[in-house]
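Written below as structure tokens is the structure these notes are about.
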Number of protein chains: 2
Amino acid sequence: MTTNSWLTALQENGYRLTSARRAVVEKMAHTRTALNPLEVYDQTRAACPGLGLVTVYRTLEKLEELGLIQRVHQPGGCNAYLPSAHGHQHLLICRACGKAEYFEGDNLDEFFARVGQQNGFTISEHWLQLFGLCPTCQAK
Amino acid sequence: MTTNSWLTALQENGYRLTSARRAVVEKMAHTRTALNPLEVYDQTRAACPGLGLVTVYRTLEKLEELGLIQRVHQPGGCNAYLPSAHGHQHLLICRACGKAEYFEGDNLDEFFARVGQQNGFTISEHWLQLFGLCPTCQAK
DNA sequence: GCTATAATTGAAAAACGTTTTCATTATGAC
DNA sequence: GTCATAATGAAAACGTTTTTCAATTATAGC
Ligand SMILES: [Mn+2]
Ligand SMILES: [Mn+2]
Ligand SMILES: [Zn+2]
Ligand SMILES: [Zn+2]
């Protein structure tokens, strides 16, 4: 189960398991929509009363550092997080609710290499993201 | 000349031409590297002494609203601006100095439509950006 | 060119999201 | 259970962006 593997990852990297971390991990490991720190805070307080927003920031920082979550950039803001993509995956995100799907299958490395060459750049990374409306938000 | 067409665009939309706006337009219309508000401010004060940072914010806001500049998202921050891309162009950006090149020729619309369909999403937009090192920064 | 009007300006203050500080609490090794 | 210390939450500090406001300036009409 994902929650446990995330907790193990924290532990193996010398971090202690606290109720605050358990709650944030539980939330982030299962979310299918991108969440910013305040949203994580609001949606986690029930499971962990007394939780501080500061701790949410600190926990997200550690989860990102361990590669378990990734920051997601969207037209409306760039401080939301999602579980990390695996391998060469990209994101399809709902403009309205932040619901995300991962996809793969783009094959542009040759094209990117050519673009780099034409401009004298060495290319180290690419960002590809699709935005649209998820089934739920289309219905509204 | 680009500066003049930008100034005309401002004027035609009911905005007055001031020395502050001329200076910011002069800078933004010609920059090849992504600049954030403070950088614009610092690089514009010589041309317009007494310029306020607030005015830079307000002018960038208007230039973006008129579609003359676009916000650029980068791993290190998301508040820099560049002259807008034309047509279906994407950005290749230097990780070190922010130098940007525009490119086109990606042809992924069918692929994107398929990804959308498979997930029940209607797709309205895509972001594609390449990051690397420009010739100058490679040499350093 | 001069005047009247309203847009624009910069300084200061406020607001905002995020980070740092610090005394207290809780975890995990022994 | 004891102990060392990592982690916590409250409060303060911080950097960035926005709002407020009185003074200035651009422009339309004369
Ligand atoms: Mn890719
Ligand atoms: Mn494209
Ligand atoms: Zn949605
Ligand atoms: Zn460079």
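Chain naming here is simple, since letters A, B, ... match the order of the sequence lines and numbering starts at 1 in each. Keep in mind that this is a model prediction, so the values were computed, not measured. FYI, side chains are in, hydrogens and waters are out, and symmetry mates aren't considered; it's all heavy atoms of this structure.
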| note | Here the salt bridge (Lys or Arg N to Asp or Glu O under 4.0 Å) pairs for residues 34-52 of chain B, sequence neighbours left out, are Asp42(B)-Arg45(B)
| request: Describe, in one word, how the ring planes of Trp127(B) and Phe131(A) are oriented to each other, choosing from parallel (under 30°), tilted (30 to 60°) and perpendicular (over 60°). | output: perpendicular
Show me the protein contacts with nucleotides 12-17 of chain C, counting only N or O atoms at under 3.5 Å.
none

| message | Using 0.5 Å steps for rounding, measure from the CG atom of Leu60(B) to the CG atom of Leu68(B). | response | 11.5 Å
| If you pin Pro37(A) and Arg58(A) to their nearest nucleotides in DNA chain C, which one's is more 5'? | Pro37(A)
Might you list the N or O atoms of the protein lying below 3.5 Å from N or O atoms in nucleotides 28-30 of chain D, with each pair's distance?
none

| query | What is the distance, rounded to the nearest whole Å, between atom CZ of Arg71(B) and atom C1' of dT16(D)? | reply | 12 Å
| task | Starting at atom CZ of Arg45(A), determine the distance to atom P of dG9(D), rounded to an integer number of angstrom. | result | 11 Å
| Hey, is CD on Gln89(B) packed in by over 12 heavy atoms from elsewhere, all under 6.0 Å? | yes
| Pairs satisfying side-chain hydrogen bond (donor to acceptor under 3.5 Å, both in side chains), at least one member in residues 65-74 of chain A, at least two apart | Tyr15(A)-Glu65(A), Arg71(A)-Tyr81(A)
| said: Any residue in residues 7-21 of chain A with a heavy atom nearer than 4.0 angstrom to DNA chain D? Just list them by number, or reply none. | reply: Tyr15(A), Arg16(A), Thr18(A), Ala20(A), Arg21(A)
| Atom-pair distance (CG on Leu60(A); C1' on dT18(C)), nearest Å | 12 Å
| task | State whether the number of non-hydrogen atoms from other residues, nucleotides or ligands found under 6.0 Å of Glu125(A) atom CD is greater than 12. | result | yes
| Tell me: CG of Leu53(B) to C1' of dT19(D), nearest whole Å? | 14 Å
| Taking CD from Glu61(B) and P from dT16(D), how many angstroms apart are they, rounded to a whole number? | 19 Å
| message | If hydrophobic clusters are built by linking Ile, Leu, Val, Met, Phe, Trp and Tyr wherever their side-chain heavy atoms come under 4.5 Å apart, do Leu63(B) and Val72(B) end up in the same one? | response | no
| query | Separation of Leu63(B) atom CG from dT8(C) atom P, in whole Å? | reply | 13 Å
| Per the side-chain contact (heavy atoms from CB on, under 4.5 Å) rule, which among Leu51(A), Leu35(A), Val56(A) passes with Thr44(A)? | Leu51(A)
| message | Looking at Lys99(A) and Glu101(A), is there a salt bridge between them, counting it only when a charged N and a carboxylate O are closer than 4.0 Å? | response | yes
| task | Mind listing the closest non-hydrogen atom pair of Leu82(A) and Met28(A) along with its distance? | result | N-CE, 4.2 Å
| query | Over how many whole Å does the gap from Asn36(B) atom CG to dT16(D) atom C1' extend? | reply | 10 Å
| said: Checking Lys27(B) now: which residues fulfil salt bridge (charged side-chain N to carboxylate O under 4.0 Å, His left out) with it, not counting sequence neighbours? | reply: none
| Just how far, in rounded Å, is P of dT8(D) from CZ of Arg22(A)? | 12 Å
